[in-house]
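FYI, side chains are in, hydrogens and waters are out, and symmetry mates aren't considered; it's all heavy atoms of this structure. Chain naming here is simple, since letters A, B, ... match the order of the sequence lines and numbering starts at 1 in each.
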Protein chains: 2
Amino acid sequence: MRYFKLFSGLAAGLLLTGQTLAQGPTPAQLAKSEELAQWALGQHLGYEIVESLTTEVGPRLAGTEAEERARNWAVAKLKKLGFKNVRVEYFDLPVWERGLERAEILEPYPQPLVIIGLGGSTSTGHQGVEGDVVGYPSLAALRAAEADELKGKIAYIGEVMTRTQDGSGYGVAGQKRREAAYVAKEKGAVAVLIRSVGTTSNRFAHTGQMRRVTSQPIPDGVPAAALAAPDADQLERILDSGETVRIHFLLTPESRPAGRSGNVIAEIPGKKKPEEIVLLGAHLDSWDMATGAVDDGAGVGIVVAAAKHLMDETKRPDRTVRVVLFGAEEVGLVGGKAYVEAHKDELAQHVIASESDFGAGRIWRFETRAGEGRIEAAQALGHGVKKLGAAPGGNTASGGPDLLFMRQAGVPVVTLKQNGWDYFDLHHTPNDTLDKIDPDDLAHNVAAWLSFVYLAANTGEYYR
Amino acid sequence: MRYFKLFSGLAAGLLLTGQTLAQGPTPAQLAKSEELAQWALGQHLGYEIVESLTTEVGPRLAGTEAEERARNWAVAKLKKLGFKNVRVEYFDLPVWERGLERAEILEPYPQPLVIIGLGGSTSTGHQGVEGDVVGYPSLAALRAAEADELKGKIAYIGEVMTRTQDGSGYGVAGQKRREAAYVAKEKGAVAVLIRSVGTTSNRFAHTGQMRRVTSQPIPDGVPAAALAAPDADQLERILDSGETVRIHFLLTPESRPAGRSGNVIAEIPGKKKPEEIVLLGAHLDSWDMATGAVDDGAGVGIVVAAAKHLMDETKRPDRTVRVVLFGAEEVGLVGGKAYVEAHKDELAQHVIASESDFGAGRIWRFETRAGEGRIEAAQALGHGVKKLGAAPGGNTASGGPDLLFMRQAGVPVVTLKQNGWDYFDLHHTPNDTLDKIDPDDLAHNVAAWLSFVYLAANTGEYYR
């Protein structure tokens with residue numbers, strides 16, 4: 001992909017492009033990036049930060065008072081660690097909060113089911129809804145249903161997510177979570193239940209946002225919840241036996257149009273080229289049923305610790321290192337969008353960016369999204385990461401969810417790809433807690449990020 | 001241990017003792033016990049029975065309508081499988097049922113905690129209770145507390161259970177569950193929380209009965225619940241930091257003095273010595289938060305399938321094989337006690353007994369509790385079990401929880417000891433569901449039990 005190579009707004013008047021004036025890391029810098037990584041493997045700061053966030057704040061849903069407490073925690077922590085220009089950039093968003101959630105099979109075999117409401121779902125009202133269940137093996141099958149087939153009934157979608165190292169199973173499986181409520185409504189259903197997205201067979205249901213929150217109110221689907229995998233199995237067994245399954249389903253979330261979230265920003269100002277920005281991101285908000293240790297407490301710990309180590313263990317970097325702890329990622333990348341709007345005129349000065357938001361598994365691949373002819377230069381930033389065991393990856397890095405809009409605006413990104421084999425066992429479930437993080441794996445991540453940011457902030461290279 | 005060797009009530013006038021007239025298995029019978037075991041490894045009936053029970057009944061708490069449905073299921077299933085004398089022996093018991101359950105840290109870091117009420121706990125009332133937490137590392141430490149130390153406070157006990165193959169960690173850890181509410185009350189606490197018994201780090205709290213249900217009403221302790229391990233970690237982290245932790249705790253169970261439970265009994269009448277009984281047990285009730293697949297759906301599947309295979313694959317046994325699916329095990333071995341009372345005059349004719357109630361892990365040891373000089377004879381019943389890989393064990397078998405009173409009355413027992421390494425990850429939590437059972441492991445159990453019951457029901461040996 002080719003990005004714009006000309007733009008305005010450069011404080012120093014530099015063209016941050018792959019030009020002849022660009023300069024990659026020196027042999028001494030490459031050696032230093034390895035040395036820093038080795039040193040950081042023995043450090044515990046990253047884990048201490050996750051522990052502090054998940055213990056002292058706990059769950060921190062976007063737009064709530066808990067997320068406000070998380071911002072206060074972050075501001076205090078970042079100041080205490082010695083970062084400069086620590087600030088919050090606020091933005092507004094609609095807020096959805098969970099109420100009562102209950103489902104039970106009434107017939108033929110009465111028993112409760114473990115569910116969790118999907119973010120943005122409408123309410124069933126306090127009486128709940130009752131209906132016979134019609135099962136579909138996939139979202140596509142529900143889409144293909146006859147118009148009257150679901151009138152007054154409860155739709156169920158059974159699709160199983162594939163476990164993968166790179167998380168690629170999530171995109172497909174997530175589709176049913178995002179669309180089920182609207183498709184079911186079109187077909188006349190009174191509610192929809194889905195098999196949880198995620199890979200665990202533990203009895204945790206998996207939440208997550210339906211359609212993305214925008215400045216518009218959330219659209220109107222039927223009430224929607226996910227069943228834990230064992231409960232989905234149970235429902236499917238009964239449906240497969242040919243029995244009519246009747247369910248009572250109660251979900252009483254509340255929505256309010258205007259809440260507040262914010263991105264917390266902190267910097268290590270660059271010494272030689274302070275106007276050039278290397279952006280390290282993670283998101284501060286979490287889902288509401290757990291303390292969000294892997295999603296995304298781990299990312300917060302990783303990028304903050306890496307930046308702090310850079311500050312303490314190296315001389316002041318040439319470029320400015322900016323840590324952005326995004327708000328409201330979970331409800332639709334709201335913080336990522338707000339950042340791009342607020343920093344529109346400054347995006348051209350973002351030399352490279354990356355977000356850590358895939359848990360605490362070890363990094364196994366270093367991916368880039370750089371301009372034509374700039375891939376090798378961008379791969380050079382992964383020198384220390386690769387010395388830790390990662391392979392070079394392709395040039396289709398996402399950079400991380402909150403960097404979507406930045407990437408679309410032409411900012412080069414890299415992904416320090418984590419092993420996500422177990423990530424979707426925990427992600428968006430009540431089981432996303434601190435004990436699930438291996439401190440050594442987390443240190444490995446911090447080491448990789450430190451070596452990356454050291455090179456990115458101290459070379460004269462560009463990646464557009 | 002030496003049991004009575006003389007007793008009355010023998011229909012045939014035989015003395016079921018280790019006398020010269022006794023006769024162990026023939027070489028042909030030993031070979032047949034191996035052959036049956038090998039054959040049964042390829043069968044699926046045991047799993048089908050667990051699937052049927054857990055799907056068609058679901059959770060089945062002692063004394064409730066759900067346990068009644070389980071008995072109806074069992075009677076229908078056992079009749080359909082061709083067992084004779086299928087019947088229910090009813091008994092009364094007090095019934096405790098869960099209400100609302102909620103706990104949250106109010107200060108210093110507001111957040112919800114995952115809890116589960118302990119069976120038999122008193123209610124907090126609908127307002128709940130609020131108090132500062134005082135932590136103790138063990139039940140012993142709580143016992144040693146000063147009398148006024150806990151006035152108006154909430155006690156917390158943090159003891160961690162040891163993971164073991166033989167389940168021996170449970171006895172120690174279970175002590176805090178059984179006694180915490182009463183000890184805390186003596187010390188003036190308003191409530192007590194314990195770290196869950198069990199070995200999982202998943203976010204499931206572990207329930208279980210406090211003091212044993214008897215004909216007397218449940219004694220009066222303070223309201224008591226268990227925290228999931230990650231929540232216990234969280235609470236301990238905050239307590240360790242020196243902060244005062246204030247908690248709100250709501251638990252609204254209800255008790256009623258008189259409910260009904262029952263033991264479901266089925267038989268394969270013996271051909272030569274119908275008055276001599278080989279008893280195979282499991283328990284039908286489960287805790288209320290899961291479908292009780294490993295506790296004790298597995299046991300039901302194992303012993304019913306083994307007996308059914310014996311019926312179909314061998315000629316009619318010499319002795320009567322009696323399958324007993326006990327009611328109300330979880331709330332204090334009530335069914336086991338009722339059985340002994342109802343069958344007092346017949347206990348002498350119980351040649352040997354065993355219960356399967358430790359999940360679906362493979363059998364690794366064959367243990368006996370036989371009379372002096374009868375141990376070798378009892379070990380011979382494990383011939384096929386040992387050919388499947390089990391080691392001979394000692395002569396201190398429990399035989400299974402429901403057999404406690406029978407054993408105390410002198411009935412010889414064996415234990416087909418299952419690998420319980422993972423059992424307490426699931427036991428008494430919402431995660432005890434069918435998907436946790438490996439069908440091949442279950443078949444291994446059925447094979448072992450079939451070979452055992454074949455020998456026990458067809459030899460002329462006695463074990464007192």
**Report entry** Flag if over 12 foreign heavy atoms under 6.0 Å of CZ, Arg362(B)
**Finding:** yes
Query raised in the report: Which atoms of Pro110(B) come close to chain A, meaning under 4.5 Å heavy atom to heavy atom: side chain ones, backbone ones, both, or neither?
Result: both
Query raised in the report: Side chain, backbone, both or neither: which part of Asn202(B) has a heavy atom under 4.5 Å from chain A?
Result: both
Query - Check: Arg203(B) main-chain N/O paired with Asn431(A) side-chain donor or acceptor under 3.5 Å - result: yes
Requested in this report: Kindly say whether Thr55(A) contributes a backbone atom to a donor-acceptor pair with the side chain of Gln111(B) at under 3.5 angstrom?
Outcome: yes
**Report entry** CZ/Arg102(A): more than 12 non-hydrogen atoms of other groups inside 6.0 Å
**Finding:** no
Report summary line: Looking only at Asp435(A), Thr433(A), Asp231(A), Val114(A), most heavy-atom pairs under 4.5 Å shared with chain B are made by Asp435(A)
Report task. Measure distances from Ala290(B) to the heavy atoms of chain A and classify the residue's part below 4.5 Å as side chain, backbone, both or neither. Result -> both
**Report entry** Non-hydrogen side-chain atoms of Lys436(A) and Pro230(B) separated by less than 4.5 Å
**Finding:** yes
Query raised in the report: Which distance, rounded to the nearest 0.5 Å, do you find between the CD of Glu243(B) and the CD of Glu56(A)?
Result: 8.0 Å
Requested in this report: Give, as side chain, backbone, both or neither, the part of Glu51(A) having an atom under 4.5 angstrom from any heavy atom of chain B.
Outcome: side chain
Requested in this report: For Gln234(B) and Thr54(A), indicate whether the former's side chain and the latter's backbone hold a donor-acceptor pair under 3.5 Å.
Outcome: yes
Query raised in the report: Out of Ile238(A), Leu426(A), Leu434(A), which one racks up the most heavy-atom pairs below 4.5 Å with chain B?
Result: Leu434(A)
